[in-house]
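In what follows, chains carry the letters A, B, and so on, assigned in the order in which the sequence lines appear, proteins first and then strands, with residues in each chain numbered from 1. These numbers come from a predicted model, not from an experiment.
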There are 2 protein chains.
Amino acid sequence: MGVTQTHLFTEEQNKIAQMAKAIAHPARIAILQHLIKTNSCINGDLVMEIGLAQATISQHLRELKEAGLIQGSIEGTRVNYCIHPENWTMLRNLFHSFFESYSNCTTPSCT
Amino acid sequence: MGVTQTHLFTEEQNKIAQMAKAIAHPARIAILQHLIKTNSCINGDLVMEIGLAQATISQHLRELKEAGLIQGSIEGTRVNYCIHPENWTMLRNLFHSFFESYSNCTTPSCT
DNA sequence: TTATTTCATTGCAATATTACGATAAATAAA
DNA sequence: TTTATTTATCGTAATATTGCAATGAAATAA
């Protein structure tokens, strides 16, 4: 009990859910938006930008990295992070086709 | 400790994260896809379609309803569920602008 | 009325997430 | 070398999520 039964679902369903989970925290949205804004690949001054502890930011960065949304490169004692372009595009397409699979109508299908 | 500090983030960041969380489970993706596919607003035969217990499906339906992604209408002892058109469009737009805020380039910004 | 059907809710156990202090590891600076 | 800087990891506490059996609630059928 308490563990998601991934075997019940298609690979696509699991993938969409997994990716949604990766961005399902405001801190991770804030990190991504800051990386996009500064472009020039920021490191732990995300700790300053956002008000969370260093360990917490590091943890969120790891989750984003594991999801493939960002990548980091070591530069001395620092680590520069930036968006992972290919994976970002893949995720965008995945969500796009998911949302577009519902052809929008003005009235709901159940009264 | 252990509770998300929403006050640190913008309304938009919290909204995106909240909506991502709503679809961050394969069962909820499966439910949404089945509602889209059948169009004619399905009820608890989602229990048959997906292999989870009735109570579990009901719980996922509630989460989707609370997020505003679906709506239900009572019909006798049954409840018909379908996509909530306006909110679906709103969510699609929210995600679309989030993903488009990163103007894609072929090479990452950090080496 | 008394079943029956359908869905929601409650209560619980197992697991996952969030947050942070403390510490470790690795490099740079003195 | 020693010290400072930066980031990752460990350990822990608080909270949230997932899943299901059991029970409730509400409408229908007999």
Rounded to the Å, how far apart are B:Glu66 CD and D:dT17 P?
-> 10 Å
What is the distance from CD of B:Gln5 to P of D:dA13, rounded to the nearest Å?
-> 19 Å
Are any of the side-chain heavy atoms of A:Gln71 and A:Cys82 separated by less than 4.5 Å?
-> yes
Does the side chain of A:Leu61 reach to within under 4.5 Å of the side chain of A:Leu46, using non-hydrogen atoms?
-> yes
Those residues of residues 17-34 of chain B lying under 4.0 Å from DNA chain D by at least one heavy atom = B:Lys21, B:His25, B:Arg28
Write out a two-atom table: protein N or O, nucleotide N or O from nucleotides 7-12 of chain C, distance below 3.5 Å.
{"from": "C:dC7", "atom 1": "OP1", "to": "B:Asn43", "atom 2": "ND2", "distance (Å)": "2.3"}
{"from": "C:dC7", "atom 1": "OP1", "to": "B:Gly44", "atom 2": "N", "distance (Å)": "3.1"}
{"from": "C:dA8", "atom 1": "OP1", "to": "B:Tyr81", "atom 2": "OH", "distance (Å)": "2.2"}
{"from": "C:dA8", "atom 1": "OP2", "to": "B:Ser58", "atom 2": "OG", "distance (Å)": "2.7"}
{"from": "C:dA8", "atom 1": "N7", "to": "B:Gln54", "atom 2": "NE2", "distance (Å)": "2.9"}
{"from": "C:dA8", "atom 1": "N6", "to": "B:Gln54", "atom 2": "OE1", "distance (Å)": "2.9"}

Count the heavy atoms belonging to other residues, nucleotides or ligands that lie under 6.0 Å from CD of A:Glu11, then report whether that count exceeds 12.
-> no
Residue met sooner reading DNA chain C from 5', once A:Thr4 and B:Val3 are mapped to nucleotides | A:Thr4
Main-chain N/O of A:Gln54 paired to A:Ser58 side chain as donor or acceptor, under 3.5 Å | no
Taking side chain as C-beta onward, heavy atoms only, is B:Phe99 less than 4.5 Å from A:His96?
-> no
Kindly say whether A:Gly68 contributes a backbone atom to a donor-acceptor pair with the side chain of A:Asn87 at under 3.5 angstrom?
-> yes
Just how far, in rounded Å, is P of D:dT7 from CD1 of A:Ile50?
-> 13 Å
Should we say atom CD1 of A:Ile74 is surrounded by more than 12 heavy atoms from elsewhere, each under 6.0 Å from it?
-> no
Would you indicate whether B:Arg92, at its atom CZ, is surrounded by more than 12 heavy atoms from other residues, nucleotides or ligands within a distance under 6.0 Å?
-> yes
Could you check how far CD1 of A:Ile74 sits from C1' of C:dA28, rounded to whole Å?
-> 14 Å
Spacing between B:His60 atom NE2 and D:dA16 atom C1', to the nearest angstrom | 14 Å
For the pair made of CD in B:Glu75 and C1' in C:dT5, what is the distance, rounded to whole Å?
-> 15 Å
